[in-house]
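Bear in mind the structure is a predicted one, so any value in this text is a computation, not a measurement. Read the numbers this way: they start at 1 and go in the same order the structure lists the ligands and their atoms. Just so it is clear, the values below take in all heavy atoms, side chains as well, and ignore hydrogens, waters and symmetry mates.
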Amino acid sequence: MTNVTLITGDGIGPEIADAARRCIDATGAEINWETAEAGVDVMKKLGTPLPEATIESVRKNGTALKAPITTPVGTGFRSINVFLRQQLDLFACLRPCKSYKGVRSKYADIDLVLVRENTEDLYAGIEFEKGKDDTAELINWLNAHSDRKIGNDAGISIKPISVENTDRIVRFAFDYARKMGRRKVTSVHKANIMKFTDGLWLDVSRQVAKDFPDIEFEDRIVDNMCMQLIQKPELYDVIVLPNLYGDILSDLCAGLVGGLGVAPGANIGVKGAIFEATHGSAPKYTGLNKVNPTALILSGVLMLDHLEMRTEAEKLEKAVAAVIAEGKDVTYDLKDDRDDPTAVGTREMADAIIAQIKRL
Ligand code: NAD
């Protein structure tokens with residue numbers, strides 16, 4: 001048995017966590033679930049949205065399936081999701097974007113995987129606010145060391161990109177491509193403009209690529225990449241990106257395949273991995289047994305792959321695809337008309353997936 005922490009989250013979290021757990025169990029995967037709490041509900045009880053016991057459970061088990069958590073506004077707590085990523089050094093964000101028959105989209109046959117660096121770049125949170133003493137000091141220093149002058153009314157965000165962190169994310173992308181039988185890795189950058197950050201990223205990408213002669217390698221400038229993904233998405237396979245471009249292109253690619261309800265994700269590091277849907281806690285649907293559990297269930301597919309339970313992963317994905325393609329036992333968002341009275345609830349869609357698994 002493999003121990004996995006199940007973080008049930010808040011909002012629609014507990015409903016989709018229950019659906020995903022039942023579907024994963026139905027594949028026969030030998031998982032011993034350890035349920036842990038996080039989010040606004042537990043904050044009311046324990047005074048913290050992320051109890052130490054939850055962090056400890058993920059640390060101990062190394063793998064977690066996590067339902068969405070509301071980011072509390074105005075409580076002094078930073079995003080729990082960001083905190084967990086930092087605590088466990090989850091440096092790689094994996095976002096597969098795949099077309100499923102039955103999901104409304106302008107495109108068909110998309111099968112892309114985005115690998116986003118999670119720790120550096122403009123997302124590192126190193127910021128200097130306009131008008132502060134530190135900011136003035138930094139601006140003075142920069143003006144003394146550069147031909148370009150920055151005004152005293154500027155705010156500044158820093159963009160660090162290091163050799164070590166670029167090497168590990170690009171290597172992760174190639175390892176993933178090899179493990180999953182994929183043919184090509186595309187590294188995305190703006191090296192023509194940002195020579196010392198994106199230029200470094202590109203140099204390191206090229207170096208790492210030499211260690212993987214069996215996988216094709218190419219690079220693309222980020223703006224061109226956006227256009228190419230809209231015009232010729234079939235040309236791409238695994239795409240590795242720095243943090244900010246990864247954030248933006250993940251949403252672009254989720255849009256190619258029909259949006260949030262079917263977009264799974266994973267954050268993976270050396271010490272652990274957390275698997276979660278791309279969407280949030282959709283608070284207005286809490287407790288209504290209404291929302292689509294697919295994104296978290298497909299995150300479960302990624303988790304089973306990660307745990308080397310490939311047969312179970314395949315079974316689960318096939319069952320989800322079959323239920324969506326049939327279009328009968330699906331939630332409102334997967335119906336042509338969102339008010340279609342034949343739409344089923346979260347629980348019933350999971351039941352249909354479980355029945356399908358049993359038929360495979
Ligand atoms: P959201 O993704 O929760 O919801 C936006 C809208 O998308 C919903 O109103 C709903 O119409 C639709 N939607 C989302 N998930 C769906 C599903 N499974 N099935 C059907 N429809 C679905 O985004 P939001 O409203 O911006 O965020 C709500 C809270 O979630 C915020 O506090 C935010 O910070 C948090 N959040 C958490 C995570 C996470 O835990 N990983 C991710 C994103 C947002």
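- One N or O on the side chain of N292 and one on the backbone of T294 form a donor-acceptor pair closer than 3.5 Å.
- Heavy-atom neighbours of E137 CD from other residues, nucleotides or ligands within 6.0 Å: at or below the threshold of 12.
- Counting heavy atoms of neighbouring residues, nucleotides and ligands inside a 6.0 Å radius, atom NZ of K358 does not exceed 12 of them.
- Here D214 pairs with R178 in a salt bridge; the nearest charged N to carboxylate O distance falls below 4.0 Å.
- For ligand 1, the 4.0 Å heavy-atom shell contains residues K66, P68, I69, T70, T71, N81, L260, E276, T278, H279, G280, S281, A282, P283, K284, Y285, V291, N292, Y332, D333.
- The residues D18 and R22 are annotated as salt-bridged, a charged nitrogen and a carboxylate oxygen being separated by less than 4.0 angstrom.
- The side-chain contact (heavy atoms from CB on, under 4.5 Å) test with I31 is passed by exactly one of R21, E312, M1, M309: M309.
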